[in-house]
Amino acid sequence: MRSTRFRTTRTTVTAAAAAALVLSASLVASAATQHAPDGGAAPSAPEASAAVGALTWSDEFDGAAGSAPNPANWNQETGAGGWGNNELQNYTSSRDNSALDGNGNLVITARQDGNGGYTSARLTTAGKVEPTYGRVEARIKIPRGQGIWPAFWMLGGQIDSGVPWPDSGEIDIMENVGFEPHMVHGTIHGPGYSGGGGIGAAYTHPQGWSFADDFHTFAVDREPGRISWSVDGNVYQTRTTGDTGGNPWVFDQPFFMLLNVAVGGNWPGYPDGTTQFPQQMVVDYVRVYDQG
């Protein structure tokens with residue numbers, strides 16, 4: 001498995017560009033004063049969300065409290081070393097960090113250990129579930145706090161057969177950094193548009209509330225040459241082959257899914273006196289649908 005992980009440090013569009021994404025009155029554009037513009041052109045104006053086909057795979061996380069995530073679906077990546085972003089956590093396979101709760105949820109728990117370090121979990125479907133087109137969605141209640149960095153994302157399956165990141169591609173379905181409790185980000189990374197140059201946008205809670213207060217559904221719809229992002233059914237950005245500035249579009253291939261909670265890093269910063277532990281990301285389900 002990979003020993004490093006690269007994530008963007010800036011993934012929003014300007015307020016003017018974000019306004020062009022609005023499909024419903026519930027979408028509020030992110031403030032340009034909080035983030036630099038993204039590395040690509042203004043997002044393509046989204047249309048109606050893609051039609052959803054048949055359910056092809058899901059994990060509803062039904063099982064006894066304290067049991068492990070289904071190993072037929074999920075790999076557990078482990079280790080520390082910063083993961084390419086100067087993160088602090090050590091990912092473990094312990095039930096202290098990832099377990100079913102007996103109520104139909106997977107719980108990923110970030111903890112502070114007795115030595116001042118941090119543990120958490122990172123789960124992937126690499127080699128097990130790698131959809132190409134259609135919808136990928138999860139219903140998640142994210143954690144909160146300065147320095148807490150939950151994510152639901154995808155990596156191109158070629159990364160495990162020797163194609164390096166970012167050439168293999170990355171699709172961030174949902175990322176949140178604790179200092180922006182009301183905002184989530186969706187981003188693509190590929191050759192020529194990675195790291196701080198990733199192409200994406202932010203979605204702000206329509207009431208300005210914290211996403212950690214309740215469950216929300218985060219999804220991408222993929223079709224050839226096109227990806228759309230939505231939160232609770234509200235499509236807030238669409239990216240196409242025309243958005244990569246002439247660089248290769250690498251997303252028409254199988255991608256596997258990841259769920260993790262990082263602690264600290266270049267983008268979110270680090271826990272401070274306001275950060276409380278443990279912090280939990282609660283996942284109700286992950287589902288994959290055919291393209292409609």
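We count residues from 1, following the sequence as given. When reading the values below, keep in mind they use all heavy atoms of this one structure, side chains included, and skip hydrogens, waters and symmetry mates.
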Any sub-3.5 Å donor-acceptor pair from [X]'s side-chain atoms to [Y]'s backbone N or O?
X: S67; Y: A64; result: yes
X: N115; Y: G117; result: no
X: D243; Y: T240; result: yes
X: T275; Y: Q146; result: yes
X: S194; Y: P191; result: no
X: Q279; Y: R144; result: yes
X: K128; Y: F256; result: no
X: D172; Y: E175; result: no
X: R122; Y: L258; result: no
X: N176; Y: E180; result: yes

Cluster question for you: counting only ILVMFWY and a side-chain heavy-atom cut-off of under 4.5 Å, with indirect links fine, are [X] and [Y] together?
X: L106; Y: W57; result: yes
X: V250; Y: W229; result: yes
X: V288; Y: L259; result: yes
X: L100; Y: V261; result: yes
X: I140; Y: V129; result: yes

Could you walk me through whether W74 and V286 pass the side-chain contact (heavy atoms from CB on, under 4.5 Å) test, one step at a time?
CA-CA 11 Å; W74 301 99; V286 179; 4.2 Å; yes

Classify the ring geometry of F255 against F251: parallel below 30°, tilted from 30° to 60°, perpendicular beyond 60°.
tilted

So how far is it from [X] [atom1] to [Y] [atom2], rounded to the nearest 0.5 Å?
X: N105; Y: Q280; atom1: CG; atom2: CD; result: 10.0 Å
X: N260; Y: I108; atom1: CG; atom2: CD1; result: 7.0 Å
X: T187; Y: W153; atom1: OG1; atom2: CH2; result: 12.0 Å
X: M154; Y: I227; atom1: CE; atom2: CD1; result: 9.0 Å
X: K141; Y: F211; atom1: NZ; atom2: CZ; result: 14.0 Å
X: I142; Y: S210; atom1: CD1; atom2: OG; result: 6.0 Å

List the steps, then state whether side-chain contact (heavy atoms from CB on, under 4.5 Å) holds for E87 with V263.
CA-CA 6 Å; E87 299 165 29; V263 179; over 6 Å; no

Testing T92, N97, L123 for side chain to side chain contact (heavy atoms under 4.5 Å, CB included) with Q76, which one passes?
L123

Could you check if a side-chain atom of [X] sits within less than 4.5 angstrom of a side-chain atom of [Y], using non-hydrogen atoms only?
X: V220; Y: R135; answer: no
X: Q253; Y: T132; answer: no
X: S120; Y: M281; answer: no
X: I173; Y: V136; answer: yes
X: N234; Y: Y236; answer: no

Please walk me through it: do T124 and N75 pass side chain to side chain donor-acceptor pair (under 3.5 Å)?
CA-CA 5 Å; T124 91; N75 310 296; 3.1 Å; yes

Please list all pairs meeting ring pair (Phe, Tyr, Trp, His ring centres under 6.0 Å) that have one or both residues in residues 105-134, counting only residues at least two apart or in different chains.
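Qualifying pairs: Y118-F277.
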
Is there a side chain to side chain donor-acceptor pair (under 3.5 Å) between Y285 and D59 once you walk through the steps?
CA-CA 6 Å; Y285 63 75; D59 197 329; over 6 Å; no

Listed by chain and number, what are the ring pair (Phe, Tyr, Trp, His ring centres under 6.0 Å) partners of W209, not counting sequence neighbours?
H205

Go through the steps to decide whether I188 and W249 satisfy the test side-chain contact (heavy atoms from CB on, under 4.5 Å), and finish with yes or no.
CA-CA 10 Å; I188 52 174; W249 175 270; 4.1 Å; yes

Close aromatic pair by centroid cut-off 6.0 Å: F152 and F218:
no

Distance flag, aromatic centroids of H185 and W267, threshold under 6.0 Å:
yes

Within 6.0 angstrom of Q276 CD, more than 12 heavy atoms from elsewhere
no

Taking it one step at a time, do N86 and N266 satisfy side chain to side chain donor-acceptor pair (under 3.5 Å)?
CA-CA 6 Å; N86 293 312; N266 299 331; 2.9 Å; yes

Using side-chain contact (heavy atoms from CB on, under 4.5 Å), reason through E137 and Y289 one step at a time and then give a plain yes or no.
CA-CA 9 Å; E137 71 175 29; Y289 298 86; 3.9 Å; yes

Please evaluate residues W165 and E170 with respect to the criterion side chain to side chain donor-acceptor pair (under 3.5 Å), reporting the C-alpha separation (whole Å), side-chain torsions for both, the decisive distance (0.1 Å), and the verdict.
CA-CA 8 Å; W165 184 95; E170 174 178 333; 2.7 Å; yes

